[in-house]
Amino acid sequence: MVDHGGVIRRHELTDQEWKLLAPLIPRAATGQPRVSDRQVINGMAYKVRTGISWRDLPERYGPWQTVSTRFRRYALDGVCTRALQQIQAHTDAAGDIDWLVQIDCIIVRAHQHAAATGRKGGSTSRTKRRLNLANRPAIRDMAWSNISRQRAGSTLWPAAAQ
């Protein structure tokens, strides 16, 4: 959070975050003096985090047209992607990112419209297909070993090569 005269704004970049991001922002070589890059980036972050429309952007971030135009330009030029990749590489090298991702496969829910039932809940032939695990021992064994591993309290899934 950044302190602006006693008011802490939660959607703005900290000094440390800005220090990492500032060198990755392109500079304008010519033209009129620009609105502060930090002010515009904070406006972008505010818009993305809150989900408001561009026109409702608070005035402290400068003209909404400027923030919107620069956001679009940065996205099209790949500035956002390059900045994310460079910051991830920097923090990964420092050991600050934990890349472990866990997914629970016991329950996978789909929206009702994901089913191929046709109109008015009627059945179609595609919905009558079933996966017969008895005919596919490799899939059956993998499924049961994962279920038993999760019941035993293991936190790693999928399992490392055995």
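Count residues from 1 along the sequence.
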Q) Linking I/L/V/M/F/W/Y whenever their side-chain heavy atoms sit closer than 4.5 Å, directly or via other members, would Leu24 and Leu20 fall into one cluster? A) no
(Q) With ring-ring contact (aromatic ring centres under 6.0 Å, His included) as the rule and sequence neighbours excluded, what pairs involving residues 13-48 come up? (A) His11-Tyr46, Tyr46-Tyr61
Q) Does anything in residues 68-81 pair up under side-chain hydrogen bond (donor to acceptor under 3.5 Å, both in side chains), and if so which pairs, sequence neighbours excluded? A) Arg34-Tyr74, Asp37-Arg70
Q) Who passes side-chain hydrogen bond (donor to acceptor under 3.5 Å, both in side chains) against Asp56, sequence neighbours left out? A) Ser53
Q | Qualifying residues under side chain to side chain contact (heavy atoms under 4.5 Å, CB included), relative to Leu84, sequence neighbours excluded | A | Gln88
(Q) Please give me the minimum heavy-atom distance between Pro58 and Ile52, naming the atom from each residue. (A) CD-CD1, 4.2 Å
Q.
Could you measure the distance from the CG atom of Asp92 to the CD atom of Gln85? Nearest 0.5 Å is fine.
A. 13.0 Å
Q) Residues in side chain to side chain contact (heavy atoms under 4.5 Å, CB included) with Asp96, at least two apart? A) Thr91, Ala94
Q) If you draw a 6.0 Å radius around CZ in Arg55, do more than 12 non-hydrogen atoms from other residues or ligands fall strictly inside? A) no
Q | Check: Gln65 and Leu57 side chains under 4.5 Å, non-hydrogen atoms | A | no
Q.
I need the Ile41 CD1 to Leu13 CG distance, nearest 0.5 Å.
A. 7.5 Å
**Q.** Residues in side-chain hydrogen bond (donor to acceptor under 3.5 Å, both in side chains) contact with Arg49, at least two apart in sequence or another chain
**A.** none
Q. Hey, what do you get for CZ (Arg27) to CD1 (Ile25), rounding to the nearest 0.5 Å?
A. 7.5 Å
